[in-house]
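First up is the structure itself, then whatever we jot down about it.
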Amino acid sequence: MAHNPVNHPLRPIYRAIAGIVGVYLIVFGILGVILTADEGLFGRAGDRVLGQGTNLFWSIVSILLGIVVVAATVIGRNLDVAVFTYLGWTLLVIGTYSLAAIRTDANFLDFSVGTVVVTYLAGLALMLAGYYVKTAPEEQTSAPRQVREGRPA
């Protein structure tokens with residue numbers, strides 16, 4: 001990751017985007033637990049929460065992922081870079097698996113196409129944030145000294 005920007009000027013906005021994704025996952029998960037609590041862990045009743053298909057298992061996983069994302073956003077210190085990147089890729093893999101299994105018995109998460117789209121968007125938003133929130137002391141950045149000091153190059 002040597003070519004990723006360090007101390008990007010829009011870093012707070014990217015962290016806010018990741019925090020919003022984390023809060024969305026928590027809200028989605030809580031509403032999903034409330035709606036699907038009586039159907040068993042891997043229920044397939046076709047329940048919809050915020051326009052997405054879900055079951056109790058995916059709702060619990062969403063809550064846990066959201067908590068990890070929000071915690072990493074609050075802690076920062078470049079821990080957020082790793083968390084956002086890895087969880088972004090994880091959400092993309094889950095979305096791809098669910099898209100492939102959507103009309104089969106292997107759809108144990110009870111995903112719908114809307115859930116796949118939202119999972120992809122959340123994963124991509126986390127990956128984007130992971131690429132731009134890295135921080136480092138000014139001495140370790142790759143900008144020329146004149147640029148760091150505000151003088152023209």
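Only heavy atoms go into these numbers, but all of them, side chains included; no hydrogens, no water, no symmetry mates.
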Kindly compute the distance separating [atom1] ([X]) from [atom2] ([Y]), expressed to the nearest 0.5 Å.
X	Y	atom1	atom2	result
Thr119	Tyr97	OG1	OH	13.5 Å
Ile26	Ser62	CD1	OG	10.0 Å
Leu65	Trp58	CG	CH2	6.0 Å
Arg44	Thr36	CZ	OG1	14.0 Å
Thr115	Tyr120	OG1	OH	12.5 Å
Leu31	Arg48	CG	CZ	15.0 Å

For [X], does the [atom1] atom have more than 12 heavy-atom neighbours from other residues, nucleotides or ligands under 6.0 Å away?
X	atom1	answer
Tyr86	OH	no
Asp38	CG	yes
Tyr14	OH	yes

Minimum-distance pair of heavy atoms, taken over all atoms of Gly95 and Val116: O-CG1, 3.7 Å
Shortest non-hydrogen contact between Ser112 and Gly53, atoms and distance: OG-N, 3.1 Å
Residue pair Leu56, Val33: steps toward the side chain to side chain contact (heavy atoms under 4.5 Å, CB included) verdict: CA-CA 6 Å; Leu56 184 59; Val33 166; 4.0 Å; yes
Side chain to side chain contact (heavy atoms under 4.5 Å, CB included) evaluation trace for Thr54 with Phe28: CA-CA 9 Å; Thr54 189; Phe28 170 77; 3.7 Å; yes
Verdict with supporting geometry, Leu109 and Phe57, side chain to side chain contact (heavy atoms under 4.5 Å, CB included): CA-CA 7 Å; Leu109 296 174; Phe57 181 73; 3.4 Å; yes
Listed partners of [X] passing side chain to side chain contact (heavy atoms under 4.5 Å, CB included), at least two apart:
X	answer
Leu35	Asp47, Val49
Ala18	Thr73, Phe84, Leu126, Ala129
Thr135	Asn7, Arg11, Asn78

Verdict with reasoning, Ile63 to Leu25, per side chain to side chain contact (heavy atoms under 4.5 Å, CB included): CA-CA 6 Å; Ile63 292 171; Leu25 289 171; over 6 Å; no
Check: Leu10 and Ile13 side chains under 4.5 Å, non-hydrogen atoms: yes
